[in-house]
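Taking it in order: structure first as structure tokens, then the write-up.
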2 protein chains.
Amino acid sequence: MTDRNRTADGEAQRRTRRRRGAELVAAIHEAALDETAEHGLGRLTMEGIARRAGTAKTSLYRRWSSPEDIVIEALYRMYPMEEPSPGADDLRGDLIAALKLMRDGLMQPIYGAVMGAVLEEARRRPDLHKRLYSDVFDARGGRFTRTVLLHYAEHGRIDPARLTPVVFDIGEALMLKYGVDMFELPDDAYIDAIVDQAILPAIGHGHENPPSGRT
Amino acid sequence: MTDRNRTADGEAQRRTRRRRGAELVAAIHEAALDETAEHGLGRLTMEGIARRAGTAKTSLYRRWSSPEDIVIEALYRMYPMEEPSPGADDLRGDLIAALKLMRDGLMQPIYGAVMGAVLEEARRRPDLHKRLYSDVFDARGGRFTRTVLLHYAEHGRIDPARLTPVVFDIGEALMLKYGVDMFELPDDAYIDAIVDQAILPAIGHGHENPPSGRT
DNA sequence: CATGTTAGATACGGACACGTATCTAATTCT
DNA sequence: AGAATTAGATACGTGTCCGTATCTAACATG
């Protein structure tokens, strides 16, 4: 609980300088993500966010009507915008790069935890589910291996008939499951293994290397 | 909130017949799962479980010290025990059957929702994570495609070198991701597609059928 | 029937969060 | 400097939940 008494930048004292506008919103966004990562969405409170952001509840209620509103807006604003930049002659490398992008962006400790918490809550909340997918995922794009696969299909390197919703999902599904089962992010070797053992075979590019496996 | 005022079997009135022992525990277990599925683990309360089970809080506190304890025990008790029964000459059929078993057991609306909620909470709670895996998953076994794949490898139908942690995870990972992205369970066609488009290629059994796709 | 065991009902003090209202203080702009 | 805007502080009544304590009622057993 001690952490709850601290503001986003570690100050435990009352500030005389007041943050305004965008600066304040940024601090509140960050506090909302931190609070969610730490306590889950079910225990997310306006008081907790306010306390952590070092601001008054009134500042929150002036802009948002619920904690979830803050979180969705924060997820949107902080969505990693870097996208795969596939070339034309290194399918394997580009797939690996895409999954690393996913790991290093979406699956980071805070962002990933919040995303997981919201997805879980979204099971019970069609409204939240819809907002997450339309306002965050679809609005921000962010498809990883899918982008690479489509690109290489356009360049005639993959049979387009192999590109199905299942195949698009393989890499990301395996990354997510690893994150759930383990208590850490997939390492480079695991990402290599996903590409070599699952994605490449699925698109008809049998691999020549021995399986790397989980280390 | 009206539902919270009802007991597990729909009775809204005070009962004169008292449930004792195992019967009472079963009702409490069921109430705990229902409450979790409905409100999430973060908002799960002893009062809510008691109210839903139509019993007194004292009956809960006599046995358990926290709501999570009840849920873990309930997950253990209600874990679907049916396991894949692979034959020897229908790898595809057995893989499909295994995934259907997963869908119809673990992914059912209540059980699946609770499992998801606990997994999400387990991100923040190493103790809970450990208990879930050791007390529920490991204690109950329940590996789906893995069981089938190992079986067929023992019968010489699959090259054992192809069986890696990644390959074991493919089917279940895709099932889980579908469940998260969509608001429904994977249908038979999707399960067929997982087996044909992802699992079989991964173990070197290229399929002859056209991709089924998501319908 | 008497006794022992278990279930249920309820009170209690304390903690926490909600959402609103009100007022003061700080900052920006003219 | 004064006015307008925004941020911060705090009070408030209400509701929910916690965990404990206490007591009565129901049930099982000898």
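Just so it is clear, the structure is predicted and the values come from calculations on it, not from any experiment. All heavy atoms count here, side chains included; hydrogens, waters and symmetry mates do not.
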Set of side-chain hydrogen bond (donor to acceptor under 3.5 Å, both in side chains) partners for [X], sequence neighbours left out:
X: Tyr133(A); answer: Asp181(B)
X: Glu47(A); answer: Lys57(A)
X: Ser66(A); answer: Glu68(A), Asp69(A)
X: Arg125(A); answer: Asp127(A)

In this structure, how many angstroms lie between the [atom2] atom of [N] and the [atom1] atom of [X], rounded?
X: Arg51(B); N: dT16(D); atom1: CZ; atom2: P; result: 8 Å
X: Glu68(A); N: dA17(C); atom1: CD; atom2: C1'; result: 14 Å
X: Leu60(B); N: dC18(D); atom1: CG; atom2: C1'; result: 13 Å
X: Arg63(B); N: dT5(C); atom1: CZ; atom2: P; result: 15 Å
X: Met46(A); N: dT20(C); atom1: CE; atom2: P; result: 10 Å
X: Trp64(B); N: dC18(D); atom1: CH2; atom2: P; result: 15 Å
X: Glu47(A); N: dT10(D); atom1: CD; atom2: P; result: 13 Å
X: Arg52(B); N: dT16(D); atom1: CZ; atom2: C1'; result: 17 Å

May I ask you to test the Val25(A)-Trp64(A) pair for a side-chain heavy-atom distance under 4.5 Å?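 Contact flag for Val25(A)/Trp64(A) side chains = yes.
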Return each pair, listed once, that meets side chain to side chain donor-acceptor pair (under 3.5 Å) where at least one residue sits in residues 103-120 of chain A; pairs must be two or more places apart or across chains.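 Qualifying pairs, neighbours excluded: Arg103(A)-Asp188(A), Glu120(A)-Arg124(A).
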If you compare every side-chain N and O of Ser59(A) against the phosphate oxygens of dA7(D) (OP1, OP2), does one of them come in below 4.0 Å?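 So the side chain of Ser59(A) is outside the cut-off, no N or O lying under 4.0 Å from OP1 or OP2 of dA7(D).
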I'd like to compare against my own output: the B/S/- annotation of nucleotides 20-28 of chain D with a strict under-4.0 Å heavy-atom distance to protein. BBB--BSSS
